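Because the structure is predicted, anything quoted here is derived from the model rather than measured.
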Amino acid sequence: MKSLFNDRYSLLVIFLGIIAAGFVHWPIPYKEVIMSSQPYILKMGIAGIVVGVIGGILKKKAPLNTAVLVSLGFALAIFFRVVYDSFALGPTYHNLWPFEILFIEIIAFPSSLLGAGVMSLINKFIIKN
């Protein structure tokens with residue numbers, strides 16, 4: 001079984017996922033975060049597509065692996081926010097943190113798979129490396 005981290009770009013794709021989700025999620029104050037709002041979902045979806053395309057450019061193969069790496073980055077971004085808020089605001093603010101991560105994965109995985117899949121098709125049929 002091949003490792004998911006079998007090339008040098010895997011950690012970069014995870015890092016880009018953390019940064020993209022962080023730019024959307026971290027600036028919003030905790031009390032104003034509504035993960036089910038349409039603007040939030042749209043921004044996270046666009047971020048997932050963009051990072052999926054960049055991951056597709058970097059990895060050039062396996063859009064499913066790229067989508068998993070991007071989704072891991074998104075989950076880590078939410079997890080880092082939960083840890084930060086637990087120390088800054090108190091441990092009772094994120095009682096449902098597993099559902100926050102699950103919800104972000106529902107957004108991140110399909111959008112990053114779309115971006116990586118489109119880039120894979122472009123690489124295969126247009127660029128033909």
Show the atom names and distances, to 0.1 Å, of all donor-acceptor pairs under 3.5 Å that link a side chain in residues 42-58 to residues at least two apart or in another chain.
none

All N/O donor-acceptor pairs, side-chain side in residues 69-80, below 3.5 Å, sequence neighbours left out:
from, atom 1, to, atom 2, distance (Å)
Ser71, OG, Ala67, O, 2.9
Ser71, OG, Phe109, N, 3.4

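Pairs passing the salt bridge (Lys or Arg N to Asp or Glu O under 4.0 Å) check and including a residue from residues 112-123, sequence neighbours excluded, do not occur. Pairs of residues two or more places apart, or lying in two chains, never qualify as salt bridge (Lys or Arg N to Asp or Glu O under 4.0 Å) while including a residue from residues 20-30. Counting only residues at least two apart or on different chains, the salt bridge (Lys or Arg N to Asp or Glu O under 4.0 Å) pairs with a member in residues 67-88 are Arg81-Asp85. Screening residues 45-54 for side chain to side chain donor-acceptor pair (under 3.5 Å), with sequence neighbours left out, gives no hits.
How far OG1 of Thr66 is from CD1 of Ile14: 11.0 Å, rounded to the nearest 0.5 Å. One distance of note links CG of Leu64 with OG of Ser112; it measures 9.5 Å at 0.5 Å rounding. With values rounded to the nearest 0.5 angstrom, Asn65 atom CG is found 10.5 Å from Leu113 atom CG.
Under the 4.5 Å side-chain contact rule for hydrophobic residues, Ile101 and Leu96 do not share a cluster. Hydrophobic clustering (ILVMFWY, side-chain heavy atoms < 4.5 Å, transitive): Ile107 and Val33 are in one cluster. Hydrophobic clustering keeps Ile18 apart from Ile106 (ILVMFWY residues linked when any side-chain heavy atoms are closer than 4.5 Å, directly or through intermediates). Under the 4.5 Å side-chain heavy-atom criterion for ILVMFWY residues, no single connected hydrophobic cluster contains both Phe99 and Trp97.
Tyr84 belongs to no hydrophobic cluster with other residues, because no ILVMFWY side-chain heavy atom falls under 4.5 Å from its own, directly or through intermediates. Listed by chain and number, the hydrophobic cluster partners of Ile19 are Phe15, Phe23, where partners are ILVMFWY side chains within reach of under 4.5 Å, directly or through others.
Atom CZ of Phe103 has more than 12 neighbouring heavy atoms from other residues, nucleotides or ligands inside a 6.0 Å radius.
Qualifying side chain to side chain contact (heavy atoms under 4.5 Å, CB included) partners for Glu32, counting only residues two or more places apart in sequence or in other chains: Ile28, Pro29. Taking the ring-ring contact (aromatic ring centres under 6.0 Å, His included) definition, one finds that Tyr40 meets it with His25, sequence neighbours left out. Evaluation of the side chain to side chain contact (heavy atoms under 4.5 Å, CB included) rule for Ile34 yields Ser36, Ser37 as partners, not counting sequence neighbours.
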